[in-house]
Structures are given as C-alpha cells and as structure tokens.
Amino acid sequence: MTFAPEWLALRENADAQARSTELADVVRETLVNRNPLTIRDLGCGTGSMGRWLAGRLGGVQHWVLHDRDPRLLGLAEASMSALPDVTAETREGDLTSLKAADIAGADLVTCSALLDLLTAEEMNELAMACVEAHVPALFTLSVAGRIDIDPAEPLDAAFQDAFNAHQRRVVDGRRLLGPDAPAAAEEAFAAAGASVRTAQSPWRMNGDALQREWLKGWVDAAVEQEPALMSEVSEYLRRRSTASVVVHHVDLLALPGAV
C-alpha cells in the first residue's frame, strides 16, 4: 500500500502538532550519550517523521529510510539529507518481515501511521525484533478507531463503525490490525519484555483542507465496507465538512532492557 505525496504533505502539519513531544523527550534522554545516532524509519513516506524528530534529538544522525515506494524514498532522502548534521540512505522493500538482524546496530526504530497496516503476527514479530536487537521503538500516530465530531449526529457512529471494519479487512490473505494496532503494539512489546509508554496524539481539524480530504477518504472507505451508506454520503459530507473534528491516535515508546 502506497500513499500520494500530496496527501502526505497535506497531513504533515497536523501530524507534527499531534505527535507526543513528551515521548520524544524521553527518547532524547535515553540516547543522550550516543553520537552519532543511527535511526531506522519504517514506512518513511516523504520523511515527515524525520523532519519532526531530527531537531528534537540533536547531534549527528544517520537515517535509514524504509518504504515500498521508490518515489517517496527519493523525496525523503532529499529532504532529510538537507537537514543539519543529518545523512540519509534508503531501503526499498517490504516492511512486514523485519528481523532483529535487520535492525541490529540501530539506536532507534521509528514509524508513523504504519501499524494499522500490519497483522497481529507481524506486529508481534516487529516488537520481538526490536527487543532482541535492544533497539528502542517510537511508533507514532496509530489510529485509535475513534472520531469526535462537533456537533454530533447519529450517522457519525455508522460511518465510524464501517470505517473501522474496513480497516480490519483482509488484504491478500492478511487481516489488518486497523484500530486494534495501538493495543496490539502495547501488548506485543510488553510480552517481549519492553517497558512501554503511550500518549494520545489527536488530529484537531476545523473545516480546513485536511479535513475535507480526510473526510472524503474516511467516508469512501466506510461506504466500500457498507454500501447501504451510499445514499447518505452527499448530504453527510456537506454537513460535516465544516464541523470540528478530532481524529484520535496513539503514540507508543518501547524501551527494551539494557538500552
């Protein structure tokens, strides 16, 4: 699954405002005596996670950018390499079967808005890989399956339930975690022996361009899952395009023993 650069650019500011600075501070304190830092960013997109985190960590950094889309990798490498004291390289390929050996030597593994695309087994394997390699993990903006729209109306729950079911769909024989990802990640890291902290990281939108694009995608996915909702779409979009919307996410920091 790949994403358009235009969508990633549209959401970058909301992502930056939502991510937990508290967890980022803990990462910086944990890695304070390591210089340079090697960071692996999984599903890097155009590099927004790196652009947000690099300055908060400080020092000399080398980012290894992982993604399936070569176009996104090119954009990410260019933007990350332009940051002070940062170098970057890319890795194109599948992210669903990383082992401890694949991330050995890294000081940190990061991802943003990725975990919902994994299966429960893949999440367990990723957590085990990080813990076995003794690498901290900062995973941000995992969808929580809860949307608050003000003013509320009865159809909100119908679209939310359909969207969440769509996120849990089976793709190529893989059942995606969707909104179950935050709990699955916390459970997987805890079971592997890591110390886990979580923080809320909600988007807050008020009738802006991001809201309009997000709302259309949210409704389209819901209708794909529940076609009976199609008759409601036009008027629902009109009413909700100017409402206040909070899209809930969860950030997670996992610290393995002997970091």
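Because the structure is predicted, anything quoted here is derived from the model rather than measured. We number each residue from 1, following the sequence as shown.
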- Is any side-chain heavy atom of Leu108 closer than 4.5 Å to a side-chain heavy atom of Leu57? yes
- Query: Would a distance-only check, ignoring hydrogens and angles, find a side-chain to backbone donor-acceptor pair under 3.5 Å from Asp67 to Leu73?
  - Reply: no
- Do Trp203 and Asp15 come within less than 4.5 Å of each other through their side chains, counting heavy atoms only? yes
- Message: Do Val135 and Val64 sit in one hydrophobic cluster, given that two such residues count as connected whenever their side-chain heavy atoms are within less than 4.5 Å of each other, even indirectly?
- Response: no
- For the residue pair Arg56 and Thr21, establish whether any side-chain heavy-atom pair is separated by less than 4.5 Å. yes
- Message: List the residues meeting salt bridge (charged side-chain N to carboxylate O under 4.0 Å, His left out) with Asp148, not counting sequence neighbours, and say none if there are none.
- Response: Arg146
- Query: Between the side chain of Glu226 and the main-chain N/O of Val223, is any donor-acceptor distance below 3.5 Å?
  - Reply: no
- Decide yes or no on side-chain contact (heavy atoms from CB on, under 4.5 Å) for Lys99 and Glu125, but give the supporting numbers first. CA-CA 7 Å; Lys99 306 298 183 186; Glu125 291 176 351; 4.0 Å; yes
- Task: Report the C-alpha distance between Met49 and Leu138 in whole Å, list the side-chain angles of each, state the deciding distance to 0.1 Å, and finish with yes or no for side-chain contact (heavy atoms from CB on, under 4.5 Å).
- Result: CA-CA 10 Å; Met49 180 66 171; Leu138 178 62; 3.8 Å; yes
- Query: Should Arg11 and Glu213 count as an ion pair when the cut-off is N to O under 4.0 Å?
  - Reply: no
- Within the side chain of Arg34, is there an N or O that forms a donor-acceptor pair under 3.5 Å with the backbone of Leu31? no
- Query: Within a strict 4.5 Å, meaning less than it, do heavy atoms of the Ile103 and Cys130 side chains meet?
  - Reply: yes
- Message: Using the rule that Ile, Leu, Val, Met, Phe, Trp and Tyr join whenever any side-chain heavy atoms are under 4.5 Å apart, tell me whether Leu141 and Val27 fall into a single cluster.
- Response: no
- Can Leu237 be reached from Leu155 by stepping across I, L, V, M, F, W or Y side chains whose heavy atoms are under 4.5 Å apart? yes
- Salt bridge or not for Arg240 and Glu153, using N-O below 4.0 Å? yes
- Note on the structure: Minimal heavy-atom distance between Val250 and Ala144, with the atoms involved, is CG2-CB, 4.2 Å
- What's the spacing between Asp41 CG and Thr110 OG1 if we round to 0.5 Å? 3.5 Å
- CA sep, side-chain torsions, deciding dist, call: Asp116, Leu177, side-chain contact (heavy atoms from CB on, under 4.5 Å): CA-CA 5 Å; Asp116 59 292; Leu177 280 169; 5.6 Å; no
- Does atom CD of Glu22 have more than 12 heavy-atom neighbours, drawn from other residues, nucleotides or ligands, at distances under 6.0 Å? no
- Residue Glu187 excluded, over 12 heavy atoms near CD under 6.0 Å: no
- Heavy-atom pair with the smallest gap, counting every atom of Leu115 and Cys111: CD2-SG, 3.9 Å
- Query: Would you say the side chains of Arg174 and Thr96 form a donor-acceptor pair under 3.5 Å?
  - Reply: no
- Message: Under a 3.5 Å cutoff, is there a donor and acceptor pairing between the side chains of Ser20 and Ser201?
- Response: no
- Residue list, salt bridge (charged side-chain N to carboxylate O under 4.0 Å, His left out) with Arg28, at least two apart or on another chain: Asp25
- Query: Any link between Leu252 and Met128 through a network of hydrophobic side chains (Ile, Leu, Val, Met, Phe, Trp, Tyr) touching at under 4.5 Å?
  - Reply: no
- Residue pair Thr198 / Glu186: nearest heavy atoms and the distance that separates them: CG2-OE1, 3.9 Å
- Item | Spatial distance of atom NE2 (His248) from atom OG (Ser142) [nearest 0.5 Å] | 15.0 Å
- Query: Arg51 and Ser79: side-chain contact (heavy atoms from CB on, under 4.5 Å), yes or no, with the steps?
  - Reply: CA-CA 8 Å; Arg51 289 189 291 273; Ser79 70; 2.6 Å; yes
- Query: Relative to Trp52, does Arg19 satisfy both conditions: NZ or CZ under 6.0 angstrom from the six-membered ring centre, and within 45 degrees of the ring's axis?
  - Reply: yes
- Donor-acceptor side-chain pairing of His62 and Glu89 below 3.5 angstrom: yes
- Message: Quick check: is Val143 connected to Val219 through a chain of hydrophobic side chains (ILVMFWY, heavy atoms under 4.5 Å apart)?
- Response: no
- Query: Val86 versus Trp63: any side-chain heavy-atom pair under 4.5 Å?
  - Reply: yes
- Query: Can you tell me how far CE of Met205 sits from OG of Ser241, rounded to the nearest 0.5 angstrom?
  - Reply: 12.0 Å
- Item | Donor + acceptor pair across side chains of Ser244, Asn206 (<3.5 Å) | yes
- Query: Taking the six-membered ring for Trp, are Trp218 and Phe163 parallel (under 30°), tilted (30 to 60°) or perpendicular (over 60°)?
  - Reply: tilted
- Are the side chains of Phe139 and Leu253 in touch, meaning some heavy atoms are under 4.5 Å apart? no
- Message: Less than 4.0 angstrom from a charged side-chain N to a carboxylate O is my criterion; do Asp220 and Lys216 meet it?
- Response: yes
- Query: Heavy-atom distance under 4.5 Å between the side chains of Ile147 and Val245, does that happen here?
  - Reply: yes
- Task: Run the numbers on His249 and Gln200 for side-chain hydrogen bond (donor to acceptor under 3.5 Å, both in side chains), then give the verdict.
- Result: CA-CA 6 Å; His249 304 94; Gln200 301 301 307; over 6 Å; no
- Pairwise side-chain contact, Leu117 with Val171, heavy-atom cut-off 4.5 Å (strictly under): no
